[in-house]
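Notes follow once the structure below has been shown.
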Amino acid sequence: MYIQTKDGNFTETNKKLFTIDKKFEDTDANFLDIDTDGDLDLLVTSGGYEVEKGSNLLQDRIYINDGKGNFRKGALPNIKTNSKGIAYADYDNDGDLDIFIGGNVKHGQYPLADKPYFLENNNGKYTNVIDTKFDDISNLKMINDALFSDFDTDGDLDLIVIGEWMSVTFYENKSNKFYLKNIEGVTNVNGWFQTITAADLDKDGNVDYIIGNWGKNNKFHPTKEKPLHIYADYFDDNKSFDIALSKVSKTGNLLPVRGKECSTQQTPFLGKKVKTFAAFASSTMPEIYGSEKLEKATHLQTHSFASIILKNKGNGKFKVQELPNEAQFSPTLSIEITDINNDGFLDIFGVGNISEAEVETIKYDASKGYVLLGSKEGNFSFLNDGSYFNNKNAKAIKQITIKGVLHFIILNKNGKFTILKLKK
């Protein structure tokens, strides 16, 4: 943790405290006033696909600020899940902050996900009330992000949740309980959604939502008519949980997406069942895995990888607007909104690359980041300016003011921060 001084420099603090927890894999973090004392505390979610079920390293953590930047460890309910996606708000207007925390992928069982939880604050004590406050969470899969927002403009805070193998999911707040809300053209389109940001982009008084997805520059190209399928189960009756990706061919057959090499590495029994590459290439999914096993397996779909804007038309209706091609080169993992060119219209700064890949899938590293300039017509155009380009494995971007000047800090995995100073 680095605290900014008046001269614009930064001093590392609380090093001993955080060193104690260095074995945790941090999946998300946010500053919020947990104890309502007027200063910002820190909430950090924990996870990791390799962390085994029930491990203490899955426990989320809070660090309480004494008002002078000194932190101590606080307490949260004992919930050990792979979690990601923090949303907080005083949803019930009782003067304190309540917290939604998403569940991400289960250890060794992709794409199954841990259950999210909702911490209601009662006089400083948090209680998980997800089962009593939400009418249905069955649509929630691998959650990556969430936010509280009054999407139906009725004066209370609703919740929007996004993730992988699921649609953008809206929960309407009715008398401090959350009910699934179907949004035509939105809640029936699944993606691998990564991040969501709210802003009134067109100045019509309604909040719009910018949603980062996997991007269209990949080999899968799912559509509503021909989605990308995943089947997951113990296909070969061993202790390894298996997955199989599939798409429908032009002839209407369900075919594997991964080739014989990757499929056999995942599910070794295929090496004996389908002996040649030619035989594998000419076989359908039921022929390879067996119809009964596919019917028994967990089956999920995704329909679109496009990063989008949900333009809020009012009265609970939204129009889907795809971001320009330059925003589709790689997964958009993080977004910041500000008026970069000082023309009175909000602009979008997005980042994201993923270098980790299997042998049959190349790296998702084509993005240098993108700035999309807004206009009075509500359209966005790519700013082709190398001064902000970043070729690294970018994971997150945040705005920060240093000595009165707006900067952007980009977190690059296994590399140094990229720090950009906005010149106006």
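Counting begins at 1 with the first residue of the sequence. All values reported here derive from a predicted model rather than from experimental measurement.
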[Y] and [X] side chains, donor-acceptor separation under 3.5 Å:
X      : Y      : value
Tyr364 : Glu356 : no
Gln109 : Tyr234 : yes
Asp365 : Ser355 : no

Electrostatic pair [X]-[Y], nearest N-O below 4.0 angstrom:
X      : Y      : value
Lys133 : Glu120 : yes
Lys296 : Asp233 : yes
Asp21  : Lys73  : yes

Open item on the list: Less than 6.0 angstrom from the centroid, inside 45 degrees of the normal: does Arg72 satisfy that with respect to the ring of Tyr63?
Closed with: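 Arg72 over Tyr63 ring: no.
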Task: Cation-pi geometry met for Lys174 and Tyr179 (6.0 Å, 45°) - done: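 The answer is yes; both the distance and angle limits are met.
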- [ ] Can you label the angle between the Phe71 ring and the Phe31 ring as parallel, tilted or perpendicular, going by 30° and 60°?
- [x]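 Because their plane-to-plane angle lies in the 30° to 60° range, the rings of Phe71 and Phe31 count as tilted.
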Open item on the list: Can you classify the ring geometry of Tyr209 versus Phe170 as parallel (below 30°), tilted (30 to 60°) or perpendicular (above 60°)?
Closed with: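 If you compare the ring of Tyr209 with that of Phe170, the planes turn out perpendicular.
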Flag the pair [X] / [Y] as yes when their ring centroid distance falls below 6.0 Å, and as no otherwise.
X      : Y      : value
Phe349 : Phe408 : yes
Phe118 : Tyr91  : yes
Phe382 : Tyr370 : no
Trp214 : Phe220 : no

Task: Contact check, side chains of Asp158 and Phe148, non-hydrogen atoms, under 4.5 Å - done: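 They are not in contact (no side-chain heavy atoms under 4.5 Å apart), so the answer is no.
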Task: Sidechain-backbone polar pair: Lys273 side chain, Ile288 backbone, donor-acceptor under 3.5 Å - done: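 Looks like yes, one N/O pair under 3.5 Å.
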Task: Donor-acceptor contact present, side-chain Asp114 to main-chain Asn82, <3.5 Å - done: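 Side chain of Asp114 to backbone of Asn82: a pair is present.
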